[in-house]
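The figures here come from the full heavy-atom set of this structure, side chains too, leaving out hydrogens, waters and symmetry mates. Counting starts at 1 for both ligands and their atoms, following the listed order.
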Amino acid sequence: MVYTGRFAPSPTGPLHFGSLLAAVASYLDARAHQGRWLLRIEDLDPPREAEGATDNIVRTLEQFGLHWDGEVIRQSDRHAIYNDILLQLTSNGAAYRCSCSRQQIHKRSNSSLYDRYCRRHPPTAKTRCAIRIRCDRDYPFDDLIQGYQQFSDQPEDFVIFRRDRFFAYQLAVTIDDEAQQISHIVRGSDLLDSTPKQIHLQQQLGYRQPVYAHIPVATNKRGQKLSKQTLAPALDEHKALQLIIRALDFLGQQPVAELTDGTIEECLSWATAHWDIAAIPKQTGIILEES
Ligand code: GLU
């Protein structure tokens, strides 16, 4: 099997240290396997997207020496493909329309877990609906970093098309990982509990299952995941080398002191040659605000 990895940022703002970790880890794992590394922009949710964020991400990756293979794929160009697969899943009965709001679900079951109400009470044709996929089982999986994963929560019929007319992340990511023949997914552990959902969709659609490796998520001093919402600072291109070395340290790769005197290219080629996925810690590390 040809190794193909990817980095799949959502353009909700500039890249921050948390995104850099996912980019560096997925890049190095691919390069250490002489594999390909693809870039996919997950621009599925225009209201959450920041103007110019895609160009900014592309430029930042270039400045950080993280060069991808082939064309950049944008999910906003792929709606027709998602729609065909959505139709396939609804017409074969694997997915169904659901008109329930969050409040209705909570009121009925006192929990946010969907109670499958619309399986038994199909909404009328005119009602504005989400589409949910039937899911009656859990999918334990082996993660290269986090080990064996089994979620004790009840499996849920999850949303694959949103009531506000956007395709859901779970659907688009599964279709695109197959379309781009992704063999290895290296990403943040905040997406660990999305993985069984994606495996479910892979099985429904006859796709192959990639290998998964979920890196620890960087947090700020308050223990919050670095993100646009927690006001994580944008990566500073003038500190690119320093930040990559920090990312290597966070990922347990023990970067040698001499790297600070070299170029980004030298640093990334050292890191590729010394890449050890087994050295990545499972747990979240704390990083300081000012990074
Ligand atoms: N687009 C997602 C994000 O930026 C990541 C998707 C993935 O790696 O599966 O959080």
Side-chain angles (χ1 to χ4, degrees), residues 3-30 35-50 53-58 60-61 66 68 72-79 82 139 141 143-146 149 158-160 162 166-202 205 207-219 224-230 232 234-235 247 251 277 280 284:
Y3 184 114
T4 308
R6 49 59 155 192
F7 177 52
S10 305
T12 51
L15 296 180
H16 49 74
F17 188 72
S19 0
L20 182 67
L21 290 173
V24 166
S26 58
Y27 172 91
L28 291 176
D29 201 52
R36 285 162 52 77
W37 187 65
L38 310 184
L39 175 60
R40 179 168 75 229
I41 302 292
E42 301 210 320
D43 51 355
L44 270 188
D45 192 349
R48 285 186 56 230
E49 282 150 27
T54 295
D55 291 346
N56 189 300
I57 289 172
V58 165
T60 305
L61 290 172
L66 299 166
W68 57 91
V72 180
I73 300 289
R74 287 170 180 246
Q75 290 189 324
S76 55
D77 292 333
R78 297 177 50 76
H79 288 186
Y82 306 146
Y139 292 91
F141 65 98
D143 187 271
L144 284 185
I145 299 166
Q146 306 294 332
Q149 298 294 307
F158 55 93
V159 171
I160 54 174
R162 293 162 33 179
F166 295 125
F167 294 98
Y169 156 69
Q170 307 294 0
L171 181 73
V173 81
T174 305
I175 293 173
D176 290 347
D177 283 333
E178 169 75 12
Q180 295 187 283
Q181 301 198 318
I182 303 300
S183 64
H184 290 67
I185 294 183
V186 180
R187 61 182 176 192
S189 57
D190 52 324
L191 292 166
L192 259 183
D193 61 357
S194 284
T195 304
K197 296 186 169 91
Q198 293 166 22
I199 297 175
H200 179 62
L201 281 168
Q202 287 154 12
L205 293 165
Y207 295 170
R208 60 177 192 180
Q209 183 177 324
V211 173
Y212 289 99
H214 286 85
I215 61 168
V217 165
T219 58
Q224 298 164 319
K225 181 195 145 195
L226 296 187
S227 69
K228 195 181 157 210
Q229 288 75 22
T230 61
L235 293 174
L251 293 168
I277 201 163
I280 301 179
T284 305

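Considering all non-hydrogen atoms of both residues, Arg208 and Glu178 come closest at N-OE1, 3.3 Å.
The nearest protein atom to atom 3 (C) of ligand 1, hydrogens excluded, is given as Ser10 OG, 3.5 Å; this is a heavy-atom distance. For atom 5 (C) of ligand 1, the closest non-hydrogen atom on the protein side is Ala8 O, 3.4 Å. For atom 7 (C) of ligand 1, the closest heavy atom belonging to the protein is Arg6 NH1, 3.3 Å.
Below 3.5 Å of separation, one finds no N or O of Val173 facing any N or O of ligand 1.
The local environment of CD in Gln224 is crowded, with over 12 non-hydrogen atoms from other residues, nucleotides or ligands closer than 6.0 Å.
Under the 4.5 Å side-chain criterion, counting only non-hydrogen atoms from C-beta, Pro11 is in contact with Ile57.
For the ligand labelled ligand 1, residue Gln198 lies outside the 4.0 Å heavy-atom shell. Residue contact annotation: Tyr169 has a non-hydrogen atom under 4.0 Å from ligand 1.
At a threshold of 4.0 Å, the pair Asp176-Arg6 does not count as salt-bridged, since none of the basic side-chain nitrogens sits closer than that to a carboxylate oxygen.
Contacts between Leu191 and ligand 1, counted as non-hydrogen atom pairs separated by less than 4.0 Å, involve the side chain only.
Of all the atoms in ligand 1, the ones that sit under 4.0 Å from a non-hydrogen atom of Glu42 are 1 (N), 2 (C), 5 (C), 6 (C). Atom numbering of ligand 1 starts at 1 in the shown order; those under 4.0 Å from a heavy atom of Arg187 are 7 (C), 8 (O), 9 (O).
Atom CZ in Phe166 sits 11.0 Å away from atom CZ in Arg48 (nearest 0.5 Å).
Remark: the Tyr3 side chain and the Asp29 side chain contain an N/O donor-acceptor pair separated by less than 3.5 Å.
In terms of modelled atom types and a separation under 3.5 Å, the side chain of Thr4 and the main chain of Ser183 share no donor-acceptor contact.
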